[in-house]
Amino acid sequence: MAAAATVTFEVPDYDLAATLTSGQAFRWREVDGHENTWENVLTGRWVRLQSNSQTITARVARPIGNWQWLRDYLQLDLDLQTIYDGFPADDPHLAAARGTCHGLRLLKQDPWETLAGFICSSNKQIVQIEQIIGEVCDRFGEPVRDNWKSFPTADRIATCTEAELRACRMGYRAKYLLGSAQMITRGELNLESLRAMPYDEACTEIQRLPGIGPKVADCILLFAYGFPEAFPVDTWIIKALHQLYFPRRAPKPKRLQAFIKKHFAPHHGYAQQYLFHHVRTQGGLLEETSEE
DNA sequence: CCCCAGGTCCCGC
DNA sequence: GCGGGACATGGG
């Protein structure tokens with residue numbers, strides 16, 4: 001492939017807006033005055049994406065010969081229909097979510113950036129997470145282009161003081177982010193080694209880092225590593241599962257886990273993201289149940 | 001003033 | 001192993 005600063009990908013069923021705003025990534029900005037146009041910095045490189053009906057056009061600052069890194073990030077080579085075919089056939093709620101979220105994909109993001117973002121996510125609204133991450137990048141990232149900085153490395157964050165991180169308005173999470181960055185920098189946990197592990201093992205391993213419990217672990221394993229079994233259980237999905245699948249009475253956590261593992265196999269993560277985005281954008285779980 | 005946010009940690013049982 | 005409360009910060 002000849003080096004170029006732009007490329008157009010043919011993608012029949014890709015909802016870029018849904019993908020970039022569904023709470024998996026925290027840095028995408030929609031460009032004012034342009035339709036369906038988004039900017040971010042990926043692996044230190046500024047990127048602009050524009051989606052049309054059947055294509056996504058990408059632009060970078062300097063010509064590049066190989067775009068595989070972006071195909072991987074966007075998961076362009078994934079056959080979504082295979083995922084949909086794996087959803088439980090007798091589930092009207094998932095069918096509804098598939099309808100409203102058609103074309104939504106799980107990204108394959110950088111593990112450290114994903115990890116840092118979701119450490120800051122606990123007990124925070126998505127808009128606030130985006131603000132915190134924006135502050136972290138502004139203060140500690142390297143300049144890439146006007147108005148854009150790279151996501152700071154674990155090494156860089158590890159040199160921060162807790163107070164410097166708190167200045168990014170992340171509150172008590174500063175201690176967790178700093179502690180995790182230091183463990184990674186010291187080599188006490190190798191993020192790359194997780195790729196070769198089975199899901200259960202990777203899940204246990206990543207939770208050795210401070211600030212990472214079962215929910216954040218699943219977000220990292222899903223949005224960065226692509227483990228299909230990961231199913232982040234957050235406040236939204238708990239409410240949704242209760243109302244949609246257990247309308248009589250709320251099951252205890254262990255019972256709920258067992259249901260999730262069985263019912264949403266084998267694409268737990270996709271099912272979770274579709275339900276999550278569906279209830280968040282279609283607003284109102286209560287109307288949904290009354291429709292049934 | 002209250003409650004909640006893509007939870008985790010720490011403490012008693 | 002499990003149930004509760006604390007935790008920073010911002011918004012409704």
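As the structure is a computational prediction, the values presented were derived from the model and not from experiment. Proteins come first, then strands; the chains are lettered A, B, ... in the order of their sequence lines, and each starts at number 1.
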Flag yes if more than 12 heavy atoms outside A:E30 fall under 6.0 Å of its CD atom; otherwise flag no.
yes
Inter-nucleotide P distance (C:dG5, B:dC2), Å rounded:
15 Å
List in chain and number order the residues that pass side-chain hydrogen bond (donor to acceptor under 3.5 Å, both in side chains) with A:E35, two or more places apart in sequence or in another chain; answer none if no residue qualifies.
none
Any salt bridge linking A:R71 with A:D77? Criterion: basic side-chain nitrogen under 4.0 Å from a carboxylate oxygen.
yes
Is A:F26 touching bases, backbone alone, or none of the nucleic acid, heavy atoms closer than 4.0 Å?
nothing
So, with a heavy-atom separation below 4.0 Å from DNA chain C, the residues of residues 248-267 of chain A are none
Considering only atom P, compute the distance from B:dC11 to C:dA8 and round it to an integer number of Å.
15 Å
Criterion side chain to side chain contact (heavy atoms under 4.5 Å, CB included) on A:L222 and A:F227, from CA distance to verdict:
CA-CA 5 Å; A:L222 188 60; A:F227 282 96; 5.9 Å; no
Provide, to the nearest angstrom, the distance between the NZ atom belonging to A:K175 and the P atom belonging to C:dA6.
16 Å
Does one side chain, of A:T8 or A:T57, offer a donor that lies under 3.5 Å from an acceptor on the other?
yes
Separation of atom CD1 in A:I238 from atom P in B:dC4, rounded to whole Å
13 Å
Here the distance between atom P of C:dT9 and atom CD of A:E162, to the nearest Å, is 11 Å
Without placing hydrogens or testing angles, list every side-chain donor-acceptor pair under 3.5 Å for residues 244-267 of chain A, not counting sequence neighbours.
from	atom 1	to	atom 2	distance (Å)
A:Y245	OH	A:D91	OD1	3.2
A:Y245	OH	A:D91	OD2	2.6
A:H263	NE2	A:D91	OD2	2.7

Give a yes-or-no answer on whether the side chains of A:S193 and A:N190 include a donor-acceptor pair shorter than 3.5 Å.
no
Is it the case that A:Y199 and A:Y225 place a side-chain donor and acceptor less than 3.5 Å from each other?
no
Listed pairs under 3.5 Å, donor-acceptor, residues 121-128 of chain A side chains, sequence neighbours left out:
from	atom 1	to	atom 2	distance (Å)
A:S121	OG	A:F118	O	2.7
A:S122	OG	A:R173	NE	3.4
A:Q128	OE1	A:Q125	N	3.4

If you take any heavy atom closer than 4.0 Å to DNA chain C, which residues from residues 128-136 of chain A end up in contact?
A:Q128
We want to know whether A:W148 and A:E39 form a side-chain donor-acceptor pair, criterion being a heavy-atom distance below 3.5 angstrom.
yes
Counting heavy atoms not belonging to A:R48, are there more than 12 under 6.0 Å from its CZ?
yes
List the protein contact pattern of nucleotides 7-13 of chain B with one symbol per nucleotide (5' to 3'): B for base contact, S for sugar-phosphate-only contact, - for none; contact means a heavy-atom distance under 4.0 Å.
BSS----
Grab the CD1-P distance between A:I126 and C:dG10 for me, whole Å please.
18 Å
